[in-house]
S.K.: 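Following this message is one structure expressed as structure tokens.
It should be emphasised that the depicted structure is a prediction, and the values quoted were computed from it without experimental measurement. We're numbering straight along the sequence, starting at 1. The figures that follow rest on heavy atoms only: side chains count, while hydrogens, waters and symmetry mates do not.
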Amino acid sequence: MIGRHLLSSADLDRHDIETLLETAASMHDVQRRDVKKLPTLRGRTIINLFFEDSTRTRSSFEIAGKWMSADTINISAKGSSTSKGESLRDTVRTITAMSVDALVIRHSASGACHQAAQWVDASVINAGDGTHEHPTQALLDAYTLRHRLGNLEGKHVVIVGDLTHSRVFRSNVITLGTLGARVTVVAPPTLMPSGIGDWSRRDGFATRWELDDVLYGDDPPDALMMLRVQRERMSGGYFPTAREYTVGYGLTRDRLDRLYAVSPDLPILHPGPMNRGLEISAEAADATSSVILDQVSAGVAVRMAVLYHLLSGDPQQHSQGVSGQDLDRGAA
Ligand code: NCD
């Protein structure tokens, strides 16, 4: 059952994910209306507390809250008292002392959201904690993939890039695995997280070093997710040159042409922000089968669904999904 917080993708079983994706589909319909305001979360207060930069995640949580009539406020580390030395504990306790209902937190430390959830009564939503997890990203990726591929049971999703620093990959292997997809992750040995062997056996995904073998082998991908090279988290040399990375692991125009010769509709995903020319070429990012902007659009619908289920306070709705009419009436 969807609980009070959303801290990890492992918090969600298959039924929870199905329920959230179903609600997100209703929310997506609302997104297409001229007037997007729903009364659903009227009187609720949501704070976006971002200690790391963000474009998509923060704005989509803000839009999601606003479209459901919640009062949403953004606080970023720059410009808050954390830049004066206040601890995370003091910051979150200070904010929640103002009777907020939900805290959406992004922080550079893995585990920061779990910690925060111990300290406050509000619902805590993990919007990315260090190199740990990013559960709403995995949900919006699943939503996007389902829209393109239908049921994900048995579908082969290939995730390529800087796995060491990627919370998106960590949440995705959990959510995609829960939905029955087969996941292969590909990275150079230096960007494979240590201990991934045990972990891949436990969570049932495959790890590979050779991208071309995976792309053009006997089990071609049904979808391809490229991940950003997170240079801001790298202290040493993880690969010799950017050019070498692109040659080995980038979705170049040549690789795309070869893939398209066999599967011209192959969905191409990237959580953004993209390093065009490094992990993904402009041709791939803007290709006809690229769903990168669909991911952004799904991000609002999925975050509306998450806020709705965490804050609407109606346990019946939690297990049954939600209809357009319920939304217009307001659930709370
Ligand atoms: C990702 C993140 O911040 O984890 N971006 C996002 O939320 N859309 C991935 C990244 O930064 O590369």
S.K.: Hydrophobic cluster membership, with links at side-chain heavy-atom distances under 4.5 Å among I/L/V/M/F/W/Y: are Leu278 and Ile292 in one?
M.R.: yes
S.K.: Less than 4.0 Å between a side-chain N and a carboxylate O, is that true for Asp265 and Arg148?
M.R.: no
S.K.: Is Arg170 salt-bridged to Asp129, cutoff N-O under 4.0 Å?
M.R.: no
S.K.: Would a 4.5 Å heavy-atom cut-off, applied to side chains only, mark Asp222 and Val158 as touching?
M.R.: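 Sidechains of Val158 and Asp222: no contact.
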S.K.: For atom CH2 of Trp209, decide whether the heavy atoms of other residues, nucleotides or ligands shown that lie under 6.0 angstrom number more than 12.
M.R.: no
S.K.: Which atom pair, heavy atoms only, marks the closest approach of Glu210 to Val186?
M.R.: C-CG1, 4.2 Å
S.K.: Under a 4.0 Å N-O cut-off, is there an ion pair linking Arg93 with Asp90?
M.R.: no
S.K.: Going from OG1 on Thr91 to CZ on Arg89, what distance comes out if it is rounded to the nearest 0.5 angstrom?
M.R.: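 CZ of Arg89 is found 11.5 Å from OG1 of Thr91.
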S.K.: Have a look at Leu49 and tell me which of Val92, Val104, Ile73 forms a side chain to side chain contact (heavy atoms under 4.5 Å, CB included) with it.
M.R.: Val92
S.K.: Closest approach of Ala25 and Tyr143, non-hydrogen atoms and distance?
M.R.: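 Minimum heavy-atom contact is CA-OH, 3.4 Å.
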S.K.: With side chains defined as the heavy atoms from C-beta onward, is the minimum distance between Ser289 and Tyr260 less than 4.5 Å?
M.R.: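 Yes, side chains in contact.
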S.K.: If I compare all heavy atoms of Val214 with all of Pro221, which pair ends up nearest, and what's the gap?
M.R.: O-CD, 4.1 Å
S.K.: Which word best sums up how the rings of Phe205 and Phe169 line up, parallel for under 30°, tilted for 30 to 60°, or perpendicular for over 60°?
M.R.: perpendicular
S.K.: Is the shortest side-chain heavy-atom distance between Arg42 and Arg44 below 4.5 Å?
M.R.: no
S.K.: Counting neighbours of CG on Asp121 that are heavy atoms of other residues, nucleotides or ligands and sit closer than 6.0 Å, is the number greater than 12?
M.R.: no
S.K.: Taking only Lys NZ, Arg NE, NH1 and NH2, and the carboxylate oxygens of Asp or Glu, determine whether Glu52 and Arg233 approach each other closer than 4.0 Å.
M.R.: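 Result for this pair is yes, salt bridge flagged.
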S.K.: What pair of heavy atoms forms the shortest contact from Ser110 to Thr131, and how long is it?
M.R.: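 The answer is OG-N, 3.1 Å.
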S.K.: Side chains of Leu163 and Leu191: does their closest heavy-atom pair fall under 4.5 Å?
M.R.: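 Not touching, per the 4.5 Å side-chain cut-off.
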S.K.: Shared ILVMFWY cluster between Phe239 and Ile280, side chains joined below 4.5 angstrom?
M.R.: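 Linked within one cluster.
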S.K.: For Asp286, is the CG atom crowded, meaning more than 12 foreign heavy atoms sit under 6.0 Å from it?
M.R.: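 Buried by this count: over 12 neighbours within 6.0 Å.
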S.K.: With side-chain hydrogen bond (donor to acceptor under 3.5 Å, both in side chains) as the criterion, how do Arg276 and Ser281 come out once you've worked through the C-alpha distance, each side chain's angles and the decisive distance to 0.1 Å?
M.R.: CA-CA 5 Å; Arg276 280 177 185 250; Ser281 62; over 6 Å; no
S.K.: Are Leu149 and Ile159 linked, directly or through other ILVMFWY residues, by side chains that come within less than 4.5 angstrom of each other?
M.R.: yes
S.K.: Would you confirm whether Ser9, through its side chain, and Thr175, through its main-chain N or O, come within 3.5 Å as a donor-acceptor pair?
M.R.: no
S.K.: Is the closest side-chain heavy-atom distance between Thr246 and Thr252 below 4.5 Å?
M.R.: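 Side-chain contact under 4.5 Å: yes.
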S.K.: Ignoring hydrogens and angles, tell me if any N or O in the side chain of Lys155 forms a donor-acceptor pair with the backbone of Arg146 under 3.5 Å.
M.R.: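 Side chain of Lys155 to backbone of Arg146, a donor-acceptor pair under 3.5 Å: no, none is there.
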S.K.: Any non-hydrogen side-chain atom of Leu224 less than 4.5 Å from a side-chain atom of Leu269?
M.R.: no
S.K.: With Arg303 as the cation and Phe61 as the aromatic partner, state whether NZ or CZ is under 6.0 Å from the six-membered ring centre and within 45° of the axis.
M.R.: yes
S.K.: I'd like to know if the side chain of Gln295 pairs up with that of His270 as donor and acceptor (distance under 3.5 Å, no hydrogens or angles considered).
M.R.: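 No, no side-chain donor-acceptor contact under 3.5 Å.
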S.K.: Is there side-chain contact between His28 and Ser297, with at least one heavy-atom pair below 4.5 Å?
M.R.: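 The answer is yes; the side chains approach within 4.5 Å.
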S.K.: Report yes or no: is the cationic atom of Arg258 (NZ for Lys, CZ for Arg) under 6.0 Å from the centre of the six-membered ring of Tyr216, at an angle within 45° of the ring normal?
M.R.: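 Yes, Arg258 and Tyr216 form such a contact.
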S.K.: Apply the test salt bridge (Lys or Arg N to Asp or Glu O under 4.0 Å) to residues Glu153 and Arg14: give CA-CA distance (whole Å), side-chain angles for both, the deciding distance (0.1 Å), then the verdict.
M.R.: CA-CA 11 Å; Glu153 188 73 52; Arg14 195 169 182 148; 2.7 Å; yes
S.K.: Passes side-chain contact (heavy atoms from CB on, under 4.5 Å), Arg253 versus Leu256? Steps please.
M.R.: CA-CA 5 Å; Arg253 186 188 189 149; Leu256 183 73; 5.6 Å; no
S.K.: Apply the test side-chain contact (heavy atoms from CB on, under 4.5 Å) to residues Met27 and Trp67: give CA-CA distance (whole Å), side-chain angles for both, the deciding distance (0.1 Å), then the verdict.
M.R.: CA-CA 10 Å; Met27 298 299 184; Trp67 283 353; over 6 Å; no
S.K.: Between Ile46 and Ile125, does the side-chain contact (heavy atoms from CB on, under 4.5 Å) criterion hold? Intermediate values first, please.
M.R.: CA-CA 10 Å; Ile46 301 165; Ile125 301 168; over 6 Å; no
S.K.: If every non-hydrogen atom of Ala284 is compared with every non-hydrogen atom of Ile268, which pair is closest and at what distance?
M.R.: O-CD1, 4.1 Å
S.K.: Verify side-chain contact (heavy atoms from CB on, under 4.5 Å) between Ser166 and Gln230, making sure each step is shown before the conclusion.
M.R.: CA-CA 8 Å; Ser166 179; Gln230 302 198 19; 4.3 Å; yes
S.K.: Applying ring pair (Phe, Tyr, Trp, His ring centres under 6.0 Å), run through His5 and His114 and close with a yes or a no.
M.R.: CA-CA 9 Å; His5 307 293; His114 283 82; 9.3 Å; no
S.K.: Quick one: does Asn74's side chain get under 4.5 Å of Ile47's, heavy atoms only?
M.R.: no
S.K.: Which pair of non-hydrogen atoms, one from Arg106 and one from Ser54, has the smallest distance, and what is that distance?
M.R.: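 That would be NH1-CB, 3.4 Å.
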S.K.: Are Asp212 and Arg255 ion-paired here, with the side-chain N under 4.0 Å from a carboxylate O?
M.R.: yes
S.K.: Between the side chains of His309 and Thr19, is a donor N or O closer than 3.5 angstrom to an acceptor N or O?
M.R.: no
S.K.: Answer yes or no: is there a donor N or O on one side and an acceptor on the other, between the side chain of Asn275 and the main chain of Val229, under 3.5 Å?
M.R.: yes
S.K.: Can you name the one residue among Leu140, Asn126, Thr57, Asp141 that meets side chain to side chain contact (heavy atoms under 4.5 Å, CB included) with His134?
M.R.: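 Checked Leu140, Asn126, Thr57, Asp141 against His134; only one passes side chain to side chain contact (heavy atoms under 4.5 Å, CB included): Thr57.
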S.K.: Tell me whether Leu7 shares a hydrophobic cluster with Leu20, the cluster being built from Ile, Leu, Val, Met, Phe, Trp, Tyr side chains joined at under 4.5 Å.
M.R.: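 Different clusters: Leu7 never reaches Leu20 through Ile, Leu, Val, Met, Phe, Trp or Tyr contacts under 4.5 Å.
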S.K.: Look at the rings of Tyr249 and Tyr245 and say which category their plane angle falls in: under 30° parallel, 30 to 60° tilted, over 60° perpendicular.
M.R.: tilted
S.K.: Side-chain heavy atoms nearer than 4.5 Å, only ILVMFWY residues, links allowed to pass through others: does that put Val302 and Val168 together?
M.R.: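 Hydrophobic grouping puts Val302 with Val168.
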S.K.: Charged N to carboxylate O under 4.0 angstrom, Glu62 versus Arg58?
M.R.: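 No, no charged N to carboxylate O under 4.0 Å.
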S.K.: Do His165 and Arg228 pass the side-chain hydrogen bond (donor to acceptor under 3.5 Å, both in side chains) test, and can you show the C-alpha distance, the side-chain angles, and the key distance before you say yes or no?
M.R.: CA-CA 9 Å; His165 301 104; Arg228 183 171 68 91; over 6 Å; no
